[in-house]
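These figures come from a predicted structure and were not determined experimentally.
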Amino acid sequence: MYKKSNEFLKSASKAIEILKKKSIFEKNVSNYPIAVIGDIHGYMKSINNFKKIIEQTSPNKIIFLGDYVDRGYEGVEVLNEIFNLLINYEDKVILIRGNHEDLNMNQEYGFFEELVSKIGKEGIKLIELFYSNLPISASLNNIFFVHGGIPFIKINNEHIPLKLDELYQLNKIKGNKEYLEFENNILFQMAWNDPDGYIDWFEPNYMRGDGVFYYGKKAWNEFMDANGINFMVRGHEIVDGVHIWNNDGTFINKIKNHQKIYIDQLYKSVITVFSSRYHIGRAGSVIIYRDEIEFVEI
């Protein structure tokens with residue numbers, strides 16, 4: 001058993017009560033800087049290093065892009081840290097739901113077994129409530145934050161871009177089984193889809209499975225035009241810390257630690273941040289300032 005199991009249960013309950021008050025889509029205006037961490041996947045070293053960056057930069061908002069558990073063996077410890085950050089900095093922290101905030105995934109990739117062994121079966125219901133009350137995405141200062149990306153929506157044989165304000169209509173399923181089980185196709189895709197600058201619109205992503213799509217450069221440009229978004233920051237994919245798809249489908253990778261890129265160079269780009277350490281590449285985070293973005297290894 002986890003020696004802080006009672007603290008975990010209490011912190012989880014407090015975090016859930018905070019999340020219940022939030023919308024399924026968070027939209028706000030914030031001062032800078034904004035600190036962003038991608039997939040953690042049960043690695044405490046990643047979140048501990050990110051906390052040091054938070055102390056150094058004093059961000060006005062702290063964004064977690066989802067996939068807090070599975071693969072690594074410290075998912076309970078990671079969640080306990082995240083719960084406490086949310087409790088202590090409620091107005092600053094935004095937690096987004098990833099595709100691994102799903103008990104079905106947890107049974108396959110390790111967290112379910114870890115949870116029961118460290119906390120006991122009483123932890124399962126709390127985790128269900130946590131998952132089903134997480135926002136699916138957020139928009140701050142016309143920057144879109146999501147775990148996976150934009151959905152393929154087809155009506156009368158015509159593709160239409162997602163209108164973010166329409167997500168508010170889905171607040172009615174937040175906290176319910178329909179959201180917990182990702183039964184809504186739009187929300188499912190937002191947690192699962194991947195960008196691909198080599199294509200224009202949408203194509204099936206057979207590697208991820210049924211109902212998952214790649215979204216191309218014309219698709220994400222159209223989405224950003226329809227919603228007044230300047231650029232997107234997301235997680236979900238294994239990259240070497242950070243990867244950037246430019247608006248024309250070209251890309252930037254191998255970004256150096258503490259390298260800064262001007263915001264105007266990133267207009268309508270898609271930035272992927274990966275922060276776990278179970279792969280051979282770097283774990284990364286980004287700090288968004290008013291005029292530039294900085295990549296920081298963690």
Side-chain angles (χ1 to χ4, degrees), residues 24-27 36-39 41 63-68 94-102 105 134-140 142-154 159-167 170 179 182 184-239 242-253 266-276 284 286 288 293:
I24 203 165
F25 166 58
E26 293 275 285
K27 187 175 183 180
V36 186
I37 185 170
D39 304 36
H41 280 304
I63 313 291
F64 289 81
L65 294 174
D67 277 16
Y68 311 117
I94 295 177
L95 305 181
I96 288 172
R97 187 179 181 186
N99 64 307
H100 279 265
E101 278 66 70
D102 181 334
M105 293 290 287
L134 285 166
I136 195 67
S137 61
S139 175
L140 293 174
N142 299 320
I143 306 167
F144 181 57
F145 300 92
V146 69
H147 182 70
I150 62 174
F152 176 47
I153 304 173
K154 196 172 185 179
H159 159 256
I160 61 170
L162 171 70
K163 298 291 182 64
L164 288 173
D165 286 346
E166 294 177 0
L167 290 176
L170 298 176
Y179 184 39
F182 275 129
N184 181 282
N185 186 49
I186 289 174
L187 302 181
F188 170 80
Q189 289 189 61
M190 291 177 75
W192 275 93
N193 286 359
D194 291 312
D196 185 346
Y198 295 116
I199 65 174
D200 287 335
W201 296 103
F202 290 89
E203 292 184 8
N205 185 339
Y206 297 113
M207 291 186 65
R208 295 280 193 192
D210 292 342
V212 184
F213 292 87
Y214 292 109
Y215 51 97
K217 52 186 173 294
K218 287 186 179 179
W220 78 61
N221 274 273
E222 181 186 58
F223 163 79
M224 292 187 199
D225 283 338
N227 291 282
I229 297 296
N230 292 332
F231 59 91
M232 182 192 310
V233 184
R234 42 90 66 182
H236 195 38
E237 284 184 283
I238 296 174
V239 298
V242 67
H243 177 282
I244 300 170
W245 284 109
N246 296 313
N247 60 13
D248 62 356
T250 59
F251 65 87
I252 305 170
N253 62 3
L266 299 172
Y267 186 61
K268 293 185 181 175
S269 65
V270 178
I271 302 168
T272 298
V273 184
F274 196 78
S275 308
S276 183
V286 294
I288 304 173
I293 289 182

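- Classification of the Phe202-Phe213 ring pair by plane angle, with boundaries at 30° and 60°, yields perpendicular.
- Ile94 and Ala138 get closest at one heavy-atom pair: CG2-CB, 4.1 Å.
- Rounded to the nearest 0.5 angstrom, Ile288 CD1 and Leu140 CG are separated by 8.5 Å.
- Taking CD from Glu203 and CG from Asp194, the interatomic distance works out to 13.0 Å, rounded to the nearest 0.5 Å.
- Residue Met224 holds its CE atom at 9.5 Å from OH of Tyr267, rounded to the nearest 0.5 Å.
- Residues Phe145 and Glu26 are not in side-chain contact: their nearest non-hydrogen atoms beyond the backbone lie 4.5 Å or more apart.
- For the residue pair Pro151 and Met190, the shortest heavy atom distance occurs at CD-CG, 4.0 Å.
- For the atom pair Phe152 CZ and Ile160 CD1, the distance stands at 10.5 Å (nearest 0.5 Å).
- Between Ala191 and Ile136, the shortest heavy-atom contact is CB-CD1, 4.4 Å.
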Q | Verdict with supporting geometry, Phe144 and Phe223, ring-ring contact (aromatic ring centres under 6.0 Å, His included) | A | CA-CA 11 Å; Phe144 181 57; Phe223 163 79; 5.1 Å; yes

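- When each of Thr272, Ile37, Val146, Val233 is tested with Leu65 by the rule side-chain contact (heavy atoms from CB on, under 4.5 Å), just one qualifies, namely Val233.
- Taken from CD in Gln189 to CD1 in Ile150, the straight-line distance is 9.5 Å, to the nearest 0.5 Å.
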(Q) Using side-chain contact (heavy atoms from CB on, under 4.5 Å), reason through Ile293 and Ile271 one step at a time and then give a plain yes or no. (A) CA-CA 11 Å; Ile293 289 182; Ile271 302 168; 3.7 Å; yes

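- Of the possible polar contacts, none joining the Asp39 side chain to the Ser276 backbone as a donor-acceptor pair under 3.5 Å is found.
- Across every non-hydrogen atom of Asn99 and Met105, the tightest pair is O-CG, 3.3 Å.
- Put simply, the side chain of Asp196 never gets that close to the backbone of Tyr214: no donor and acceptor are under 3.5 Å apart.
- Side-chain N or O atoms of Arg234 include one that pairs as donor or acceptor with a backbone N or O of Asn193 at under 3.5 Å.
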**Q.** Residue pair Trp245, Tyr198: steps toward the ring-ring contact (aromatic ring centres under 6.0 Å, His included) verdict
**A.** CA-CA 10 Å; Trp245 284 109; Tyr198 295 116; 5.4 Å; yes

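- A donor-acceptor pair is defined here as one N or O able to donate and one able to accept, closer than 3.5 Å; no such pair exists between the side chain of Lys217 and the backbone of Asn247.
- In terms of modelled atom types and a separation under 3.5 Å, the side chain of Trp192 and the main chain of Gly148 share no donor-acceptor contact.
- Between Leu170 and Ile24, the shortest heavy-atom contact is O-CD1, 3.8 Å.
- Here Lys218 contributes atom NZ and His159 contributes atom NE2; the two are 12.5 Å apart, rounded to the nearest 0.5 Å.
- Leu167 is listed as a side-chain neighbour of Leu187, based on a closest heavy-atom distance under 4.5 Å.
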Q: List the steps, then state whether side-chain contact (heavy atoms from CB on, under 4.5 Å) holds for Phe231 with Ile244.
A: CA-CA 10 Å; Phe231 59 91; Ile244 300 170; over 6 Å; no

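- With hydrogens and angles disregarded, no donor-acceptor distance shorter than 3.5 Å links the side chain of Ser269 to the backbone of Asn246.
- Checking side-chain atoms of Asn227 against main-chain N and O of Ile229 turns up no donor-acceptor pair under 3.5 Å.
- A distance-only check finds a donor-acceptor pair linking the side chain of Asn184 to the backbone of Ile186 [under 3.5 Å].
- In this structure, Asp165 and Lys27 have side chains that are in contact, with non-hydrogen atoms separated by less than 4.5 Å.
- Relative orientation of the His100 and His41 rings is perpendicular, given thresholds of 30° and 60° on the angle between their planes.
- Heavy-atom minimum distance, Leu134 versus Tyr68: CD1-CE1, 4.4 Å.
- Between Arg97 and Asp102, no side-chain nitrogen of the basic residue sits less than 4.0 Å from a carboxylate oxygen of the acidic one, so the salt-bridge criterion is not met.
- Under 3.5 Å, the side chains of His147 and Glu101 contain no donor-acceptor pair of N or O atoms.
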